[in-house]
Amino acid sequence: KQEVTQIPAALSVPEGENLVLNCSFTDSAIYNLQWFRQDPGKGLTSLLLIQSSQREQTSGRLNASLDKSSGRSTLYIAASQPGDSATYLCAVIPGGYNKLIFGAGTRLAVHP
Amino acid sequence: DAGVIQSPRHEVTEMGQEVTLRCKPISGHNSLFWYRQTMMRGLELLIYFNNNVPIDDSGMPEDRFSAKMPNASFSTLKIQPSEPRDSAVYFCASSKGQNTGELFFGEGSRLTVL
């Protein structure tokens, strides 16, 4: 059974820091991996989607990497800003099965 | 483009009442998902449809929950009768293609059952 774990559960950093959020999954047979952002009281916003054949995706200050063999993904946020404060969730689609399995998320606070 | 649209945004009801949540997916998307989010359990997939057909409803908690997708632009999630433990935020999401995977979420319906 696929399980997704995110570490740390919460993170507080000063503005301007580069930071890394971690996601691990137990079964490497995934179809793709997706990173989301959720603001309090809001829905989930898709940030980056990495197909299983890819190793990374970039969007602005965000870079997500995928290492299927080790069951890991990282989300790198460069030059963090207070507006980056949110919960970041990682989710995988197990191979051949269109069902996103979510981690519990990392709650990020960037203070001025 | 309009995103996934859900209604109502907030619903407060009493135990035993029927609750109907509604979702309009993004035009052109043929997969639709209903998720429930709670502090204790995080995000749980309840059911998903592909081309209006339910593919996997194994996440539906019990017979009190039912979902329909009568056409490509509308889906409902119904709880009858509702119970306090059903209190949660219910999200609808849609994607293009069965395994393309990139999901787009609505803003959610926050349900409180008293």
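Worth saying up front: this structure is predicted, and the values here are computed from it rather than measured.
No more than 12 heavy atoms of other residues, nucleotides or ligands sit less than 6.0 Å from atom CD of B:E14. The neighbour count for B:D63 CG, taken as heavy atoms of other residues, nucleotides or ligands under 6.0 Å away, does not exceed 12. By the 6.0 Å contact criterion, CZ on B:R64 is enclosed, its count of non-hydrogen atoms from other residues, nucleotides or ligands being greater than 12. Heavy-atom neighbours of A:R61 CZ from other residues, nucleotides or ligands within 6.0 Å: above the threshold of 12.
Cluster annotation: A:V4 and A:L33 are assigned to the same hydrophobic cluster (Ile/Leu/Val/Met/Phe/Trp/Tyr, side-chain heavy-atom contacts under 4.5 Å, transitive). Under the 4.5 Å side-chain heavy-atom criterion for grouping Ile, Leu, Val, Met, Phe, Trp and Tyr, B:M60 is not connected to A:F102 through any hydrophobic cluster. In the hydrophobic cluster analysis, where Ile, Leu, Val, Met, Phe, Trp and Tyr join through side-chain heavy atoms closer than 4.5 angstrom, B:F105 is grouped together with B:V89.
For B:R41, no part lies near chain A; criterion is any non-hydrogen pair under 4.5 Å. Heavy atoms of B:Q37 lying under 4.5 Å from chain A belong exclusively to its side chain. For chain B, the nearby part of A:L89 is the side chain; its heavy atoms alone come within less than 4.5 Å.
Between atom CZ of residue B:F104 and atom CG of residue A:L44 there is a gap of 12.5 Å, rounded to the nearest 0.5 Å. Taking OG of B:S95 as the start and CD1 of A:I93 as the end, the distance is 7.0 Å to the nearest 0.5 Å. A distance of 11.5 Å separates CD of B:E102 from CD1 of A:I50, quoted to the nearest 0.5 Å.
Residue A:L100 forms a side-chain contact (heavy atoms from CB on, under 4.5 Å) with just one option from B:Y35, B:F33, B:Y48, and that option is B:Y35.
The shortest non-hydrogen separation linking B:F91 to A:Q38 is CZ-NE2, 3.5 Å.
Of the possible donor and acceptor atoms, one in the side chain of A:Q34 sits under 3.5 Å from a partner among the backbone N and O of B:L103.
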